[in-house]
Every structure is written in C-alpha cells, then in structure tokens.
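Everything quoted here is computed from the prediction, not taken from an experiment.
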Amino acid sequence: MPTNIRIGRRLLAAAALSTSIGALASCAAPPPSVALTEDNHVHELATSPDGQSLLVATHNGLFTVDLADGDVRGPAGDLRIDLMGMAVAEHALLASGHPGTSGPQPLRGPNVGLIRSDDLGESWDAVSLEGVADFHALTYDPKAETIVGSHAGQLLISEDMGVSWREGTAVDTYDLLAADRGLLMTSFAGLSSSLDGGGTFEPVADAPALVLLGGSGDAIVGVDQQGALWESGPDEAWRAMGTTPEQVSALTRLPDGDVVVAGESGLQRTSDQGQTWRPLQS
C-alpha cells in the first residue's frame with residue numbers, strides 16, 4: 001500500500017479506491033490564527049501570473065509565498081474560503097470549494113461553484129453553479145480557452161469562462177492538467193489524455209501510476225502512488241526523478257524548473273529533481 005502521498009481531496013467520490021491509494025484525508029477546523037502549517041491543509045499550488053509568487057490554495061484561504069525570499073502572506077482578503085480546486089487563467093484566478101467558516105462570508109454554500117478573482121484572491125465573484133458544484137480538480141487550457149473541472153464523478157467543460165457548461169466523460173478524477181499534448185487526467189485507471197477537451201480519454205502508454213500533476217506547456221511533473229517524482233518533456237516520455245520528502249497533497253513545477261510540494265511540514269522545494277529538499281516559506 002502506498003504511503004508517500006495524500007490524495008484525499010481527489011477521492012471524495014471514490015471511497016472504494018482507499019485500499020489502493022490510502023485513507024481519506026480530513027481537514028481540521030480553522031485554528032485561531034491561520035498559517036501554512038500542519039493545521040492548514042494545502043489543496044492546490046500554482047505560480048502567480050507574474051511568476052514572482054507561489055499561490056497556495058488551502059482549507060483556510062489563499063496564501064502567497066514570495067519565491068525570492070520565502071515571505072508568506074495571507075489569507076488574501078482575510079477570506080478563509082476552503083479552496084479545493086484552483087487554476088490560473090491568464091491574469092485571473094479560478095477556484096472552487098466551500099465558504100469560509102470564519103471571517104467575511106461573500107459566497108453562498110455549501111459549494112461555491114466556480115468563482116473568479118482578478119486581484120489575486122483579495123476578492124472573489126461567483127461565476128456559475130453557485131451552491132451546487134465543488135470542483136476538486138480544475139484546469140484552464142489557454143489554447144482552447146476552456147475550463148475543465150471534476151465534480152462528483154463527472155467532468156464539466158466550459159468554453160465561455162465558466163458561464164455555461166457541458167458534460168464531458170464520467171470519471172472519478174484525481175487531477176487534471178491542460179498541457180501542450182492535450183488534457184491530462186489521473187484516475188484509478190492511471191494516466192490518460194484527451195484530444196477533444198475532455199469528451200473522451202485514452203490511456204497514456206507506458207506512463208507511471210501518477211496521482212498528482214503539475215507544470216505547463218510540455219514541461220510536466222507528477223507524483224506516483226509511492227511518492228516517486230516523474231518528469232516528462234517534449235518527447236512525452238516519462239522519466240523517474242527522486243522522491244517526495246513526505247506525504248504530499250499538491251505539487252507544481254516553477255518556471256525555473258524547480259518543483260514544490262506541499263506536505264504536513266509545509267512547502268518544500270527541490271532544485272535537483274527530488275534528490276534534496278529545502279523549506280520554501282520563511
């Protein structure tokens with residue numbers, strides 16, 4: 001049984017998978033003060049549109065970490081929204097999840113649907129499916145200008161920035177990533193790809209059993225069920241790297257090629273393909 005990766009946020013609609021990839025991770029109630037520590041579960045990581053900061057979507061709101069000095073700020077706007085899924089769409093942030101349990105409450109629950117921020121999380125506006133959808137996996141394809149999200153075992157696809165949606169394939173998804181080679185998805189069946197924006201998927205031959213994906217363009221990284229790191233470039237082949245330092249719930253590849261993962265001890269960064277790790281936040 002794998003032990004090096006926490007994927008509970010991907011499995012709310014797939015309890016039967018727990019015997020093969022671990023137990024469901026739960027999120028604790030918000031502490032009196034919120035920080036990027038073991039009491040604040042991280043759901044998603046992404047680089048800010050200007051490339052200067054890491055965006056950290058957590059159970060208690062959106063935090064930013066300066067990539068130059070590790071300075072942590074947040075939660076943005078003092079909004080302790082439970083951000084389950086998040087994606088960067090040009091200069092906007094797209095997200096989903098649940099309203100906060102303390103502080104300002106600008107969004108309706110129990111699920112906030114698709115929400116959008118144009119000020120790095122200082123404020124959010126409901127776009128669609130408010131009170132209904134909770135996208136645990138969410139990605140934006142800049143080439144096709146489409147949003148793809150996974151909610152309750154169903155992929156939903158929007159071609160108008162979330163105003164309206166159509167159904168894609170029905171599948172319990174762990175992670176989604178729009179890449180140059182198409183839409184990538186991890187699930188119980190392994191890694192698969194779609195060339196029609198999520199309508200149909202085909203297994204990726206010779207791919208490792210990945211759970212989490214990160215990166216952009218043709219530079220992609222992933223973590224498998226045992227916590228091993230993998231990378232794939234323009235040739236689309238997957239190559240083994242190092243291993244994660246602990247159980248992880250999210251990862252991303254930075255513009256400089258470094259990889260950042262989120263675990264119980266916080267955010268950790270590697271510059272040598274997972275051979276060594278160092279704390280990201282100060």
- Heavy-atom donor-acceptor pair, Q268 side chain to V260 backbone, under 3.5 Å: no

- Query: For D50 and S48, does a side-chain donor sit closer than 3.5 Å to a side-chain acceptor?
  - Reply: yes

- Looking only at heavy atoms, the pair that brings L79 and W124 closest together is CD1-CD1, 3.8 Å

- Exam field: side chain E231 to backbone V221, donor-acceptor pair closer than 3.5 Å: no

- Item | Partner of F201 by side-chain contact (heavy atoms from CB on, under 4.5 Å), out of L195, L184, T173, L155 | L155

- Spatial distance of atom CD1 (I157) from atom OG (S164) [nearest 0.5 Å]: 11.5 Å

- Do the side chain of W277 and the main chain of T243 share a donor and acceptor less than 3.5 angstrom apart? yes

- Message: Going by salt bridge (charged side-chain N to carboxylate O under 4.0 Å, His left out), name the residues that satisfy it together with D235, two or more places apart in sequence or in a different chain.
- Response: R239

- Query: Given the rule in the side chain to side chain contact (heavy atoms under 4.5 Å, CB included) test, do L129 and L156 qualify, once you have shown the distances and angles that lead to the verdict?
  - Reply: CA-CA 11 Å; L129 303 178; L156 298 178; 4.1 Å; yes

- Query: Given the rule in the side chain to side chain contact (heavy atoms under 4.5 Å, CB included) test, do S271 and D258 qualify, once you have shown the distances and angles that lead to the verdict?
  - Reply: CA-CA 5 Å; S271 301; D258 285 9; 2.8 Å; yes

- Return yes if some donor-acceptor pair links the side-chain N/O of T270 with the main-chain N/O of V259 below 3.5 Å, else return no. no

- Under a 4.5 Å cut-off applied to non-hydrogen side-chain atoms, are F63 and P75 in contact? yes

- Which heavy atom in G162 sits nearest to a heavy atom in L114, and how many Å separate them? CA-CD2, 3.6 Å

- In short, A137 meets Y174 closest at the heavy-atom pair CB-O, 4.1 Å

- Item | Min side-chain heavy-atom separation L93-L62 under 4.5 Å | yes

- Item | Worked verdict on I220 versus R181 for side chain to side chain contact (heavy atoms under 4.5 Å, CB included) | CA-CA 10 Å; I220 303 170; R181 68 194 67 174; 3.7 Å; yes

- Task: Measure the CD1-CG distance between I81 and L107 for me, rounded to the nearest 0.5 Å.
- Result: 4.5 Å

- Within the side chain of S249, is there an N or O that forms a donor-acceptor pair under 3.5 Å with the backbone of V42? yes

- Task: Quick one: pull up CE in M185 and CG in L213 and give me the separation to the nearest 0.5 Å.
- Result: 10.5 Å

- Say whether, by atom type as modelled, one donor and one acceptor occur between the side chain of S232 and the main chain of A237 under 3.5 angstrom. yes

- Item | Any pair counted as side-chain hydrogen bond (donor to acceptor under 3.5 Å, both in side chains), so long as it reaches residues 109-121, sequence neighbours left out | H98-N111, R116-D118, S117-D119, D119-S123

- Message: So L210 and D175, do their side chains get closer than 4.5 Å, heavy atoms only?
- Response: no

- Between D218 and D180, is there a donor-acceptor pair closer than 3.5 Å when you use the side chain of the first and the backbone of the second? no

- V223 and L229, any side-chain heavy atoms less than 4.5 Å apart: yes

- In this structure, CD of E159 is separated from CD of E145 (nearest 0.5 Å) by 10.5 Å

- H151 (side chain) donor-acceptor with D134 (main chain) under 3.5 angstrom: yes

- How close do G131 and P110 get, heavy atom to heavy atom, and via which atoms? O-CD, 3.8 Å

- Dump the intermediate steps for side chain to side chain donor-acceptor pair (under 3.5 Å) on T64 and D66, then the final yes or no. CA-CA 7 Å; T64 61; D66 190 294; over 6 Å; no

- Query: If only atom types and distance count, is the side chain of S192 paired as donor or acceptor with the main-chain N or O of V204 below 3.5 Å?
  - Reply: no

- Query: How far does CG of D172 sit from CD of Q154, to the nearest 0.5 angstrom?
  - Reply: 10.5 Å

- Query: Is there a donor-acceptor pair closer than 3.5 Å between any side-chain N or O of E246 and the backbone N or O of S265?
  - Reply: yes

- Note on the structure: Tightest non-hydrogen contact, residues D196 and S194, listed as OD1-OG, 2.6 Å

- Message: I want to check something: taking the side chain as every heavy atom from C-beta on, are V56 and V72 in contact at a cut-off of under 4.5 Å?
- Response: no

- Item | Nearest atoms (heavy-atom pairs only) where T244 meets V261 | CG2-CG1, 4.4 Å

- Note on the structure: Rounded to the nearest 0.5 Å, the CG atom of L177 sits from the CG atom of D141 at a distance of 9.5 Å

- Side chains of R73 and S53, donor plus acceptor under 3.5 Å: no

- Item | Side-chain heavy-atom pair W238, L191 within 4.5 angstrom cut-off | yes

- Task: Carefully, step by step, assess I147 and W165 under the rule side chain to side chain contact (heavy atoms under 4.5 Å, CB included).
- Result: CA-CA 9 Å; I147 304 169; W165 299 84; 3.8 Å; yes

